[in-house]
Amino acid sequence: MARSFDQFLYPEDLKDVVPAGVTGDDSTQLVRAYIEQWLRQQALLYHAQRNVNISTERLDKQVEAYKNGLIVYEYEQALVSQKLDTVVTDEEIREYYDARPELFILQQPILKRSYIRLGTDAPELDRVKRLMVSPSFEEQDLLTKYCAMYATDYVLHDTTWHYVDELVQEFPISQIDDANYDQTGRIFEIIENNELYLIILHDSKLRESRSPLPLVREQIRNLILNKRKMDLIDRMQRSIVTDAREKNNIEIYN
């Protein structure tokens, strides 16, 4: 039990503080943190009530407005959950993308890449470089087997676009100058922390160019769904108000 001035916190008030499955020291720490937060909140509230001139009428109106807003919001979310069409076709995504090119301008370069991270003493490096640029399926299979044996990390045959900021986690991209991003098919060799990176850029798009559709597909889908959601809520609101007017349930007095 805890007390802050004339307010008390009882054990039964703590029954929902600890999530199911949390036990031992973790459970104890959660309870203690909750109690400390409660004590602080109650102490601040005690002093605020005695040092600030509060209009209870204004406060009650604010609380009422907030409660009403929550009720309407819950109703709108239930409506969306029941009636929103969440199927977005590829055609719709393509139409949205084509109609709004200004929304999908790259703020940073994007790249398609393959890379291999090796120890600087890795064997047969000349052969590995030849395999990396070979179009032969058999030689690509040999490269994969080599990487499985000697590489500490590698990505091959990836056709996904990646933002440059993301690639920092994979290899020292900063050592490849932006001006070289268009040198696709070239093997860049970077040594850092006694490790050798062999990197090939397969494709690139620079800042201020248009983002390719696959990179923004999910973003467009969310934009379409959000527009549908707003339209659904707007239609619901208009329908309710129109119905209330027709039934004389709302009116304005002069």
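Worth knowing before you read on, the calculation uses all heavy atoms, side chains too, and leaves out hydrogens, waters and symmetry mates.
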Flag the pair [X] and [Y] as a salt bridge only when some basic side-chain nitrogen lies within less than 4.0 angstrom of an acidic carboxylate oxygen.
| X | Y | answer |
| --- | --- | --- |
| Lys112 | Asp158 | no |
| Arg235 | Asp231 | no |
| Glu92 | Arg228 | yes |
| Arg113 | Glu170 | yes |
| Glu91 | Arg94 | no |
| Lys15 | Glu12 | no |
| Lys61 | Glu57 | yes |
| Lys129 | Glu189 | yes |

If hydrophobic clusters are built from ILVMFWY residues whose side chains come within less than 4.5 Å, do Ile187 and Leu156 share one?
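Yes, it is one cluster - the side chains of Ile187 and Leu156 are joined through contacts under 4.5 Å.
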Does Leu142 share a hydrophobic cluster with Leu125, counting links as ILVMFWY side-chain heavy atoms below 4.5 Å and allowing steps through other members?
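Yes: a chain of side-chain contacts under 4.5 Å links Leu142 to Leu125.
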Tell me whether the rings of Phe8 and Tyr10 are parallel (<30°), tilted (30 to 60°) or perpendicular (>60°).
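Taking Tyr10 first and then Phe8, their aromatic rings lie parallel (interplane angle under 30°).
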Can you give me the closest heavy-atom contact between [X] and [Y], atom names plus distance?
| X | Y | result |
| --- | --- | --- |
| Leu232 | Val80 | CD2-CA, 4.0 Å |
| Tyr154 | Thr144 | OH-O, 4.2 Å |
| Asp182 | Ser204 | CA-OG, 3.8 Å |

Taking [Y]'s backbone N and O only, do any of them form a donor-acceptor pair with [X]'s side chain (distance below 3.5 Å, no angle check)?
| X | Y | answer |
| --- | --- | --- |
| Arg217 | Gln219 | no |
| Arg130 | Asp126 | no |
| Ser209 | Leu206 | yes |
| Asn68 | Glu64 | yes |
| Arg221 | Thr86 | yes |
| Asn193 | Glu195 | no |
| Thr184 | Asp203 | no |

Taking the ring centre of each residue, are [X] and [Y] less than 6.0 Å apart?
| X | Y | result |
| --- | --- | --- |
| Phe137 | His157 | no |
| Phe171 | Tyr115 | yes |
| Phe104 | Tyr97 | yes |

For the CD1 atom of Ile110 and the CH2 atom of Trp161, what is their distance to the nearest 0.5 Å?
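Going from CD1 on Ile110 over to CH2 on Trp161, the span is 4.5 Å.
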Roughly how far, to the nearest 0.5 Å, is CD1 of Ile200 from CG of Leu111?
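Those atoms lie 13.5 Å apart.
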Within the 3.5 Å criterion, strictly below it, is a donor on [X] or [Y] matched to an acceptor on the partner's side chain?
| X | Y | answer |
| --- | --- | --- |
| Tyr253 | Glu251 | yes |
| Gln107 | Glu208 | no |
| Ser4 | Gln42 | no |

Non-hydrogen side-chain atoms of Phe188 and Arg186 separated by less than 4.5 Å
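Heavy-atom side-chain distance check passes, below 4.5 Å.
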Heavy-atom neighbours of Asp177 CG exceed 12 at 6.0 Å:
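Yes - once you tally the heavy atoms of other residues, nucleotides and ligands closer than 6.0 Å, there are more than 12.
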